[in-house]
Amino acid sequence: MYINIKKHILSNTILSVAVVKIVAALCEGILRALLERSDLSTPDMLDIWLWRAQMASSMIQIVVILYLFYRSWKVLNHYMKLVPKEDQQGMGELQKEYFGKNKLASLSVSSVNRLLQLWAVIFIGAELIYDFTSIMYRRFIGMLIDALSSGTGMSDGTFVMLYNMTHGFKYLEILSAILLGVVMTGIFLNDRYLKIATVVILLLFLIAFAVMQMQTVYLMGREIGIVWTSIIYHITETVGLIVLSRYLAKRYRGL
């Protein structure tokens, strides 16, 4: 069975998630700018107030995203219940015969439902794992700071190098989950562009992880370290998701 080609449930849900993440990132950025840290020699994640704000933001995101996908599932489930389950396949065949493939949604309602569930697991499950890895990574950075301050021979340059190299592990899991969602969507739709985009983003992340060093810039009298793996991840989960949702809505019917 196929839903109305004007109903873009999956793409609109992905767009809503991207907006949630952009708002969360803006709020965290404003908080970082307003909050005066007492110790500027350590990473922001070790500031207890920034850390609590980040964890609170993540929990709120999970709740909001869960609501967005639940609402979308309810809407999709409403359309699915219009026809008894045992008659849905036959209805799909009738729709193909009457309307033709060019005037039907790009995927059946059951396939859209599977993709909706897949993206829900990716966004919610990956965010939970990201929170756990962030907690463990913060502990690791705290140990490095203690080793540096205890005078065990670790230089500031060594700390910066280790911080940059290990920062990629914090984002590798959640970026891989998002890219998995993109490539699975590409497989469902037989879309080579989605598959190619997944490979390109993954290669950029791995190059930044293995080769590129952390850059330091000065903004409003404050020294800011730029970790390229972090930049690639945050662009992917915000701008990238917006581009993906608009691409799906424009290129495919009823998605």
Side-chain angles (χ1 to χ4, degrees), residues 10 13-29 31-32 43-48 50-73 114-144 162-188 194 197-199 201-210 227-242 244-245:
L10 176 63
T13 306
I14 293 175
L15 178 61
S16 298
V17 171
V19 171
V20 169
K21 290 185 173 295
I22 289 174
V23 171
L26 288 174
C27 290
E28 290 183 28
L31 183 61
R32 287 171 185 263
D44 286 348
M45 70 171 66
L46 295 183
D47 183 279
I48 186 62
L50 286 175
W51 174 250
R52 289 174 179 173
Q54 180 183 335
M55 288 295 100
S57 173
S58 182
M59 291 298 103
I60 293 172
Q61 287 181 64
I62 290 173
V63 172
V64 174
I65 291 171
L66 180 61
Y67 167 74
L68 291 173
F69 274 97
Y70 175 74
R71 185 185 63 181
S72 298
W73 176 81
R114 293 190 194 100
L115 281 176
L116 195 66
Q117 294 179 53
L118 172 68
W119 278 104
V121 171
I122 286 173
F123 283 129
I124 298 170
E127 188 71 27
L128 288 170
I129 297 175
Y130 171 73
D131 288 342
F132 175 76
T133 56
S134 295
I135 292 171
M136 301 306 296
Y137 184 65
R138 184 174 185 266
R139 291 181 182 178
F140 169 71
I141 293 300
M143 293 177 187
L144 282 181
L162 289 173
Y163 180 77
N164 180 67
M165 289 177 62
T166 57
H167 211 73
F169 289 110
K170 179 182 176 183
Y171 298 112
L172 183 59
E173 170 272 330
I174 191 168
L175 181 69
S176 299
I178 292 175
L179 294 181
L180 175 63
V182 176
V183 76
M184 288 300 296
T185 303
I187 291 172
F188 266 81
L194 291 179
T198 301
V199 174
I201 294 172
L202 181 60
L203 286 176
L204 288 174
F205 183 86
L206 293 178
I207 291 172
F209 197 171
V227 180
W228 292 107
T229 51
S230 176
I231 295 296
I232 293 172
Y233 161 70
H234 286 298
I235 290 176
T236 300
E237 75 159 357
T238 52
V239 178
L241 289 179
I242 291 177
L244 173 64
S245 67

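What you see below is based on every heavy atom in this structure, not just the backbone, and it leaves out hydrogens, waters and symmetry mates.
- Here the CG atom belonging to Leu203 is positioned 11.0 Å from the OG1 atom belonging to Thr198, to the nearest 0.5 angstrom.
- Between the CG atom in Leu15 and the CG atom in Leu244 there is a gap of 10.0 Å [rounded to 0.5 Å].
- Between Leu179 atom CG and Ile122 atom CD1 the span is 9.5 Å, to the nearest 0.5 Å.
- Contacts of Glu28 classified as salt bridge (Lys or Arg N to Asp or Glu O under 4.0 Å), with partners at least two apart in sequence or in another chain: none.
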Atom pairs and distances, donor-acceptor, side-chain atoms in residues 58-69, under 3.5 Å, two or more places apart:
residue	atom	partner	partner atom	Å
Ser58	OG	Glu127	OE2	2.8
Ser58	OG	Asp131	OD1	2.6
Ser58	OG	Asp131	OD2	2.7
Gln61	NE2	Ser57	OG	3.3

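- One distance of note links OG1 of Thr13 with CG of Leu241; it measures 12.0 Å at 0.5 Å rounding.
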| query | So Ile242 and Ile22, side chain to side chain contact (heavy atoms under 4.5 Å, CB included) or not? Walk me through it. | reply | CA-CA 10 Å; Ile242 291 177; Ile22 289 174; 3.4 Å; yes

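- Expressed to the nearest 0.5 Å, how far CG of Leu206 lies from CG of Leu202 amounts to 4.5 Å.
- Taking Thr185 as the reference, Trp119 meet the side chain to side chain donor-acceptor pair (under 3.5 Å) condition, with sequence neighbours excluded.
- Atom CG of Leu204 is separated from atom CD1 of Ile232 by 5.5 Å, given to the nearest 0.5 angstrom.
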